[in-house]
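Notes follow the structure.
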Amino acid sequence: MRWSRYFLYTSKEDPADAEAPSHRLLLKAGFIKQISAGIYEILPAGWRVIRKIESVVRKEMDRSGAQELLLTVLNPADLWKETGRWDSYGNELFRLRDRNGREYCLGPTHEEEITDLVRKFVKSYRQLPLILYQIQVKFRDEKRPRFGLVRGREFIMKDAYSFDADEMSAMMSYETMKFAYDRIFKKLRLNVIMAQASVGNIGGSQSHEFIAFTDYGEALVGFCESCGYAANAEIISLARPPEEREDPLPMEKVRTPDVRTIEDLASFLGTSPSKILKALLYIVDGKDSLVVLIRGDREVDENKLEAVLGTDDFRLATDEEVRDLLGTEKGFIGIFNLPDGIRVLWDNSIYGVKNMVVALNEPHWHYINANPGRDFNYGEFFDLARVEEDDPCPQCGGILKVRRGLELGHIFLLGTRYSEPMRAYYTDPSGEEKPIIMGCFGIGISRIMSALVEQHHDERGIKWPVPVAPFELDIICLNTSDPDISQTAEKLYLEAEEKGIEVIYDDREESAGFKFADADLVGFPYRIVVGKKVKDGKVEVQKRETGESWDFSIGEAVDRVKEMIERDKA
RNA sequence: CGGGGCGUAGCUCAGGUGGCAGAGCGUCGGCUUUGGGAGCCGAAGGUCGGGGGUUCAAGUCCCCCCGCCCCGACCA
């Protein structure tokens with residue numbers, strides 16, 4: 001491909017509205033173009049990358065025995081009503097009507113449609129097990145699209161569905177997919193960790209997430225290097241710590257004027273946040289008040305709180321509500337003098353803390369040296385704290401590390417969540433009708449492009465790994481008006497094409513610096529620079545990843561590059 | 001959906017107290033240049049997000065709406 005004819009336009013300026021490196025670089029380097037919030041066009045160079053990602057995914061899915069098909073984007077509402085998700089999916093579902101008033105949605109995921117398909121054809125245990133998958137555009141009207149392709153409202157996803165006769169076989173399918181995913185992310189050169197996860201709205205009995213470490217990820221993973229445990233932070237349970245061994249000091253009431261934050265209170269009293277009892281007032285279901293007690297150095301994980309409460313309809317109280325309900329102010333909420341009948345949850349972190357600093361619901365005052373049993377009694381304990389670095393591993397007691405990451409894949413063992421209500425049944429060898437056991441397995445294809453950039457870039461631009469690069473080689477003609485140079489570049493371009501290298505030939509009439517900057521930005525893994533050295537019969541080969549460069553004779557350059565590319569693909 | 005910010009040329013942005021619509025980059029024409037986003041000359045390019053209002057006069061002041069980005073709660 002000659003760059004002078006290629007639809008690839010880079011920008012010298014950083015785009016104004018992009019913060020995450022992947023978002024900024026994909027826009028700046030001309031891979032994507034924004035149409036609306038969370039809606040992007042994928043331009044030719046970007047599409048080449050997407051197609052390569054897809055082909056890696058396809059290859060491994062096919063190899064694992066899964067069969068590709070294509071379901072529909074337009075989903076009739078009837079199917080969604082069968083499982084109840086027409087109502088429960090809420091505002092994230094894009095809904096529309098046809099000319100006759102029939103309701104449809106744009107498919108955000110396809111459990112309903114695939115189950116409908118399978119129930120029509122699969123009647124016997126002889127037809128199981130079965131794994132079907134597709135690669136398709138999905139639509140979700142996300143509350144908050146983010147970071148370019150990281151979370152779009154329209155995005156490309158690979159979704160696979162397994163169908164098995166019994167739990168044991170379903171587990172086998174699940175394991176098969178696990179291995180396939182492992183191979184996929186390795187081939188894509190992504191640093192990914194598999195973590196236990198919560199099943200959330202999709203339902204089912206177990207699930208794992210495949211998370212790529214990035215600073216701009218949305219998932220929080222805790223993992224243990226000594227035993228290999230890894231899980232989404234929201235499901236890592238934190239037990240009660242051992243009791244502190246301190247002699248109780250006499251409790252005292254201390255004036256703490258306008259000291260509202262934990263940090264300020266700790267320094268005001270000359271103590272540490274871990275000695276302070278933090279109390280938060282929540283409003284549940286828009287009406288009930290709830291006090292959550294947690295150690296001052298810890299944060300509430302609202303996913304855990306949701307699990308305990310059984311609802312996601314809760315929020316922190318406003319200043320006015322704190323005043324009306326507790327008669328105090330934020331920063332001075334405590335366990336003393338709480339109104340009767342208010343629900344109180346104690347986080348495990350509080351257990352065993354001695355000589356604690358506690359507020360008493362009276363503005364500008366705290367108690368110091370409050371002790372359990374003597375000054376107050378514990379209520380019911382729960383696990384509500386967000387996991388932090390150095391917390392104990394729930395599996396081996398080792399030390400957890402905590403990192404941000406991007407969820408690239410998620411696999412679920414669904415059980416009969418869909419087959420039961422949709423009556424996808426098969427007949428077993430004894431003639432008995434049974435629901436098919438299902439699993440579902442997603443990979444965010446377009447999101448992978450973002451993750452790749454997050455993990456492979458520097459200050460100058462993207463550094464595509466060879467297996468996903470839009471072109472493997474960029475041949476730069478440094479002086480288009482020098483016939484020696486341009487004819488050599490032309491010759492090398494034709495030779496590279498002939499030898500099966502995916503090559504872009506920068507024949508544009510631009511300055512050297514301009515072309516180098518573009519090459520760095522767009523991120524081609526290899527570059528042949530054709531310039532003054534041609535008069536000595538040499539060209540320069542450069543590797544983007546490492547910055548290494550070599551002078552080769554004009555005759556051998558393409559072959560040497562070809563060798564390096566082949567090595568990188570292996 | 002709550003909180004914060006922004007909307008002026010293709011892109012990045014400037015336009016105190018209302019008074020002729022601006023710059024750099026990019027684009028087009030010409031000259032010159034070619035190992036790290038070159039230089040000179042010339043040109044084109046605008047419903048100032050939309051609507052209403054105040055005023056002799058609105059990019060600027062007021063009201064309503066729309067869009068985008070960031071932080072939080074949800075997802076691949």
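We name chains A, B, ... by the order of the sequence lines, and we start the count at 1 in each one.
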| task | Report yes if at least one side-chain N or O of A:Lys12 is closer than 4.0 Å to OP1 or OP2 of B:G37; otherwise report no. | result | no
| Spacing between A:Asp520 atom CG and B:G36 atom P, to the nearest angstrom | 12 Å
| task | Look at the aromatic rings of A:Phe441 and A:Tyr174 and report parallel, tilted or perpendicular, splitting at 30° and 60°. | result | tilted
| query | Parallel, tilted or perpendicular for A:Phe471 and A:Tyr6, by the 30°/60° rule? | reply | perpendicular
| said: Nearest whole Å is fine: how far is B:A76 C1' from A:Arg153 CZ? | reply: 17 Å
| task | Using whole Å, report how far CD1 of A:Ile443 lies from P of B:A76. | result | 12 Å
| query | Is the shortest side-chain N/O distance from A:Asn479 to OP1 or OP2 of B:G35 below 4.0 Å? | reply | no
| query | For B:G42, what is the paired nucleotide under Watson-Crick or G-U wobble rules, both distances under 3.5 Å? | reply | B:C28
| A:Glu218/A:Arg151 salt bridge by N-O under 4.0 Å criterion | yes
| said: Please report the distance, rounded to the nearest Å, between CG in A:Leu25 and C1' in B:C11. | reply: 16 Å
| A:Lys532 or A:Phe210, whichever maps to the more 5' nucleotide of RNA chain B | A:Lys532
| remark: Paired to B:C6 by Watson-Crick or G-U wobble criteria (both distances under 3.5 Å) is B:G67
| said: Any N or O donor-acceptor pair under 3.5 Å from the base of B:C74 to the side chain of A:Arg140? | reply: no
| request: Using a 4.0 Å heavy-atom cut-off across all strands, classify A:Phe147 as base, sugar-phosphate, or nothing. | output: sugar-phosphate
| So what does A:Gly152 hit on the nucleic acid, given a heavy-atom distance under 4.0 Å: a base, only sugar-phosphate, or nothing? | base
| query | So, is A:Gln34 close to the B:G67 phosphate, meaning a side-chain N or O under 4.0 Å from OP1 or OP2? | reply | no
| field | Contact under 4.0 Å: A:Ser511 side-chain N or O vs B:U34 OP1/OP2 | value | no
| query | Across the strands shown, which category fits A:Gln542 at heavy-atom distances under 4.0 angstrom: base, sugar-phosphate, nothing? | reply | base
| Would you say A:Arg146 reaches B:C71's phosphate, i.e. side-chain N/O to OP1/OP2 under 4.0 Å? | yes
| Presence of salt bridge, A:Arg508 and A:Asp518, under 4.0 angstrom | yes
| request: Quick one: sort the A:Tyr282 and A:Phe314 rings into parallel, tilted or perpendicular, breaks at 30° and 60°. | output: perpendicular
| request: Report yes or no: is the cationic atom of A:Arg95 (NZ for Lys, CZ for Arg) closer than 6.0 Å to the six-membered ring centre of A:Trp86, at no more than 45° off its axis? | output: yes
| query | Reckon A:Glu19 touches a base, only the sugar-phosphate, or nothing at all at heavy-atom distances under 4.0 Å? | reply | sugar-phosphate
| Roughly, in whole Å, what's the span from CZ in A:Phe514 to C1' in B:G35? | 16 Å
| Protein-nucleotide distance (A:His208, atom NE2; B:A76, atom P), rounded to Å | 15 Å
| message | Expressed as a whole number of angstroms, how long is the span from A:Glu299:CD to B:G72:C1'? | response | 13 Å
| request: Take atom CG of A:Leu305 and atom C1' of B:G72, then tell me their distance rounded to the nearest Å. | output: 15 Å
| message | Quick check: any donor-acceptor pair below 3.5 Å linking the side-chain of A:Glu540 to the base of B:G35? | response | yes
| task | Report which part of the nucleic acid A:Arg315 touches: base, sugar-phosphate, or nothing (heavy-atom distance under 4.0 Å, all strands). | result | nothing
| task | Take A:Phe185 and A:Met194 through the test side-chain contact (heavy atoms from CB on, under 4.5 Å) and record every step on the way to the result. | result | CA-CA 11 Å; A:Phe185 294 119; A:Met194 185 179 78; over 6 Å; no
| query | Considering every strand shown, what is the Watson-Crick or G-U wobble mate of B:U17 when both distances are under 3.5 Å? | reply | none
| RNA chain B: 5'-proximal contact among A:Ser481 and A:Asp17 (nearest heavy atom) | A:Ser481
| request: Pick base, sugar-phosphate or nothing for A:Asp518, based on heavy-atom distances below 4.0 Å to the nucleic acid. | output: base
| field | Whether A:Phe516 stacks on the six-membered ring of B:G36 base, 5.5 Å and 30° limits | value | yes
| message | So, OP1 or OP2 of B:C68: does either fall under 4.0 Å of a side-chain N or O from A:Ser36? | response | yes
| query | For A:Leu478, which contact category applies under a 4.0 Å heavy-atom criterion: base, sugar-phosphate, or nothing? | reply | base
